[in-house]
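The next block holds one structure in the form of C-alpha cells; read it before the comments.
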Amino acid sequence: MKHLLSIADLSADDIHRLLELTDHMVEISGRPIPKVPALRGKNVVSLFFEDSTRTRTSFDTAAKRLSADTMNFAVSSSSVSKGESLRDTIETIAAMGVDAFVVRHRSSGAPEMITRWTNASIINAGDGWHQHPTQALLDCYTIRTGLNRRDGFDGLRIAIVGDIRHSRVARSNVQAFAALGAHVTLVAPPTLLPPSLEGWPVEISHDLDALLPELDVIYLLRVQRERMEEALLPSLHEYSLLYGLTEARAARLAPHALVMHPGPMNRGVEMVADPGELPGSVILNQVTNGVAVRMAVLFWLLGSGADLSEAP
Ligand code: CP
C-alpha cells in the first residue's frame, strides 16, 4: 500500500496488524534513546494548510524517531500567500526529493488529488469533513490497550457524542470501530447529524443520559463552530445541558468506561467536567499513542521490505 487516505483503505486485518506494529513502536518510544534507523535517508514533509497541534507535532516526532529527515512547510510564510496553486506547491517541493507528504487540508479530497501530482506517499492528516485515518488508528490503539482488547472490539459499546456532521474524526472512527466489531451509537442533536446516514454501521440516539451506564467508551467530539455556516444550535449552553460531559454524567458511567476526545476540546461545552479529575479519561494517552501509531504508519508505507511483521 502506497498511501493512507481513508480508513476505508484498510481491512480489519490491516488495522490489527498496524496496531500490533504500534506495540513495537511503543517499546521503541520507551527506550532511553527512542530512535531507530528504520527510515534513514527518507524525507517526510508536513504540509498543513489548516492549524494543528497534535497531528503535526506527533508526525514530526514519529518521523524523527525512525531517523527520517523532516521538512515542515509553513503555509503562511510560503508562496501560497502569493497565489501559488496546490499543484505547483506539491510539484515544487517534490522536486527536492520527497518520500512522503503528510497533508492536512480544509478541502475534502485534497490528499487524494495530490496523489496524482507526485510519486511520493500521501498520508491524510485530516481533510475537511472527510477523513482523519491516523486519529482513528490511535483511538483504536487507546481502546485496545485501555480495555485490554487485543483481539478486537466485539461486544464493546461506543458512543460518539456531539458534532458528527462536521467531523472527519467521526467518519473515520465509525469505520474503524465497526471494522473491529464494536457497536457504535451516534449521540447528537438532529442538526449536528449528517444529512444522510445511509451506509453508516451505527445506531442513533438523542438521549445521552439513557445510554451512559451501558457504555464502554464515551467519545466526545468538539463542537466545530468554525465549520458552521448557519445556526445549528440554539446556544452552546443548551448543547452543554443536553450533551456535555458533566461530573454527574461521568459518575453514571461504568467504572471501567473510557472517556475520550480527539482534541482540541471546548471546556465548558462538550467537556464540562475537568478531564484530569475523571478516572476514565484517556485523553492524554490518545496523544501519547499518536506518536507510536504514526511511527507504525510511516514504517508501513516507507519501510524497506514493507512487511508489517518486521518490527524495526
Ligand atoms: N485531533 C487532532 O487532529 O488535533 P490537532 O488538530 O491538534 O492536530
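Just follow the structure's listing: the first ligand is 1, and inside any ligand the first atom is 1.
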Sub-3.5 Å pairs, protein N or O with ligand 1 N or O:
| unit_1 | atom_1 | unit_2 | atom_2 | d |
| --- | --- | --- | --- | --- |
| ligand 1 | 1 (N) | Q135 | OE1 | 3.0 |
| ligand 1 | 1 (N) | P262 | O | 2.8 |
| ligand 1 | 1 (N) | G263 | O | 3.3 |
| ligand 1 | 3 (O) | T55 | OG1 | 3.0 |
| ligand 1 | 3 (O) | R104 | NH2 | 2.9 |
| ligand 1 | 3 (O) | H132 | NE2 | 2.9 |
| ligand 1 | 6 (O) | R104 | NH1 | 2.8 |
| ligand 1 | 7 (O) | T53 | N | 2.8 |
| ligand 1 | 7 (O) | R54 | N | 2.9 |
| ligand 1 | 7 (O) | R54 | NH1 | 2.6 |
| ligand 1 | 8 (O) | S52 | OG | 2.6 |
| ligand 1 | 8 (O) | T55 | N | 2.9 |
| ligand 1 | 8 (O) | T55 | OG1 | 2.6 |
| ligand 1 | 8 (O) | R104 | NH1 | 3.4 |
| ligand 1 | 8 (O) | R104 | NH2 | 3.3 |

Tell me whether R104 forms a cation-pi arrangement with F48, defined as NZ or CZ under 6.0 Å from the six-membered ring centre and within 45 degrees of its axis. no

Can you label the angle between the F73 ring and the F49 ring as parallel, tilted or perpendicular, going by 30° and 60°? tilted

Do the side chain of S81 and the main chain of S77 share a donor and acceptor less than 3.5 angstrom apart? no

Salt bridge or not for R171 and D127, using N-O below 4.0 Å? no

Establish whether L19 and F177 are linked, either directly or via other cluster members, by ILVMFWY side-chain heavy-atom contacts under 4.5 Å. yes

How would you list, by chain and number, every residue that makes a ring-ring contact (aromatic ring centres under 6.0 Å, His included) with Y239, sequence neighbours excluded? Y243

